[in-house]
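One structure is given below, encoded as structure tokens.
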Number of protein chains: 2
Amino acid sequence: MKEKLLKSFQGFASFSEQELSLIISKTKLRNFRKKENLLKVGETCSAFYFIVEGAIRQYRTNKDLDEITLNLYLENSWVLEHQSFTSQKPSTTTIQAFEDCTVYELGMHAVHELIGQSPSFFQLGKILEQPLQGVELYQNLTTPEEKYRAILKHNPKLIQKFPLKHIASYLKITPETLSRVRNKLSKSS
Amino acid sequence: MKEKLLKSFQGFASFSEQELSLIISKTKLRNFRKKENLLKVGETCSAFYFIVEGAIRQYRTNKDLDEITLNLYLENSWVLEHQSFTSQKPSTTTIQAFEDCTVYELGMHAVHELIGQSPSFFQLGKILEQPLQGVELYQNLTTPEEKYRAILKHNPKLIQKFPLKHIASYLKITPETLSRVRNKLSKSS
DNA sequence: CTAATTTCTTGATTTGGATCAAGTGCTACT
DNA sequence: AGTAGCACTTGATCCAAATCAAGAAATTAG
């Protein structure tokens, strides 16, 4: 069960076995039901979540109450509200279980404790660097087709898991446009 | 001369006088001429720069060799390539002096040394949190007018200092569109 | 000081993607 | 199984901003 989590930590830095088990002892296994929120607007993000199983969506609600999808996550990903976490101010976005999820939670205070014990845990800060997602990934892509090709290439599993409307919102295009692009590409190949 | 820099550090955390002078002893005063690069594509960002005087532009070059402005900075700002710095991988963007600049440079190694001496210098990591700029600031704004109003409200000095074409690129609109928006707003007020 | 170059403005035209609309297909719930 | 509510597709229309173009204004270079 903890293998995935271990692997993820090992990817960040060369922690010793002792260090790894110390980190893991600070994590807490949690379950979220579909539609349940890991973080609500107004709450301050004070933990990292590692997805063992399930899928998670992060979104913002605009003035017309449309949900704008900001990030989509699958298993083996770290999830947090970067802005809120680093500033310790209330989040303006919601992080929600898109389906039933099993996650490990690593609280900010636990991380601070660890760093207090040994500076090597400073490496955990690398979890914060993860989110090279969403806007950042697609920032230099302009047309719907380019965006769809990019997600198809780099994150095909997202397309399989999430419905078209969320993918469309994530790429900042309408569902109609995405439907047409997808149709066009499937014909040309 | 160091007053601005001191103030900036004091804004991050309550460093003691000793700590402050220790940090400052690690900084190096540097000058860049107009058009000179602080960081080129392919180089890895390994320092923070604090602008004492001058203006700096960060841009990406696309396949048509257009320069896409990503960030604009004025004095009292910290400048770095966030992505490259945290990952220690080559930058895909250029950071260039838009006019002659005087900056303080704080190298990554110096920061690591400081943190080694005292965990309180961990607070310097807050410099990384600064760049709530560009895309992030305008990500939920859709129309050119909204974007221009926002920059006018939050960063009027940018408009005064940088030419229209850079502002337009920064807002991801064409110079023609920005010219029209600006014209319209100046009439309606 | 003048020429050359760049920046900005203004108008005409085009166009890609949004919006609107209607129909079909899925899924889930009782 | 039936129906209610989403999700997706497809076509028609619209529109905001891009593009194209040409001239004016400002800046820079010689």
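Lettering follows sequence order; numbering is per chain, from 1.
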Any side-chain N or O of [X] less than 4.0 Å from the OP1 or OP2 oxygen of [N]?
{"X": "A/T174", "N": "C/dG17", "answer": "no"}
{"X": "B/R182", "N": "C/dT9", "answer": "yes"}
{"X": "A/T177", "N": "C/dA18", "answer": "yes"}
{"X": "B/N183", "N": "C/dT10", "answer": "yes"}

Using whole Å, what does the distance between atom [atom2] of nucleotide [N] and atom [atom1] of [X] come to?
{"X": "A/E146", "N": "C/dG16", "atom1": "CD", "atom2": "P", "answer": "13 Å"}
{"X": "A/E176", "N": "D/dG11", "atom1": "CD", "atom2": "C1'", "answer": "11 Å"}
{"X": "B/I68", "N": "D/dA18", "atom1": "CD1", "atom2": "P", "answer": "13 Å"}
{"X": "B/K184", "N": "D/dA16", "atom1": "NZ", "atom2": "C1'", "answer": "11 Å"}
{"X": "A/L164", "N": "D/dA7", "atom1": "CG", "atom2": "P", "answer": "10 Å"}
{"X": "A/E99", "N": "C/dT27", "atom1": "CD", "atom2": "P", "answer": "15 Å"}
{"X": "B/K147", "N": "D/dA16", "atom1": "NZ", "atom2": "C1'", "answer": "12 Å"}
{"X": "A/I159", "N": "D/dC8", "atom1": "CD1", "atom2": "P", "answer": "12 Å"}

Exercise for the section: Indicate whether the side chain of B/S46 and that of B/T44 have a donor and an acceptor atom separated by less than 3.5 Å. Expected result: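 Distance-only check fails for B/S46 and B/T44.
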Exercise for the section: Could you tell me whether A/R60 and A/E67 have a side-chain N and a carboxylate O separated by less than 4.0 Å? Expected result: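 No, no charged N to carboxylate O under 4.0 Å.
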Exercise for the section: Just call it for B/P144: base, sugar-phosphate, or nothing, with non-hydrogen atoms closer than 4.0 Å on any strand. Expected result: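 Sugar-phosphate only.
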Exercise for the section: Quick one: do B/E53 and B/K4 satisfy salt bridge (Lys or Arg N to Asp or Glu O under 4.0 Å)? Show the steps, please. Expected result: CA-CA 10 Å; B/E53 189 151 23; B/K4 290 176 177 176; 5.9 Å; no
Handout entry: Identified ring pair (Phe, Tyr, Trp, His ring centres under 6.0 Å) counterpart of B/F9 within the set B/F121, B/F50, B/W78
Key =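 Going through B/F121, B/F50, B/W78 one by one, the ring pair (Phe, Tyr, Trp, His ring centres under 6.0 Å) with B/F9 is satisfied by B/W78 alone.
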Handout entry: Along DNA chain D (nearest heavy atom to each residue), the more 5'-positioned of A/P175 and B/K34
Key =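 Whichever sits nearer the 5' end wins; that is A/P175.
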Exercise for the section: Calculate, to the nearest 0.5 Å, the distance between atoms CE and CG belonging to A/M108 and A/L80 respectively. Expected result: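 Atom-to-atom, A/M108:CE and A/L80:CG are 11.5 Å apart.
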Practice task
Spell out yes or no: do the side chain of B/R180 and the base of C/dG11 have one donor N/O and one acceptor N/O closer than 3.5 Å?
Solution key: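 Looking at the base of C/dG11, it does pair with a donor or acceptor on the side chain of B/R180 (distance under 3.5 Å).
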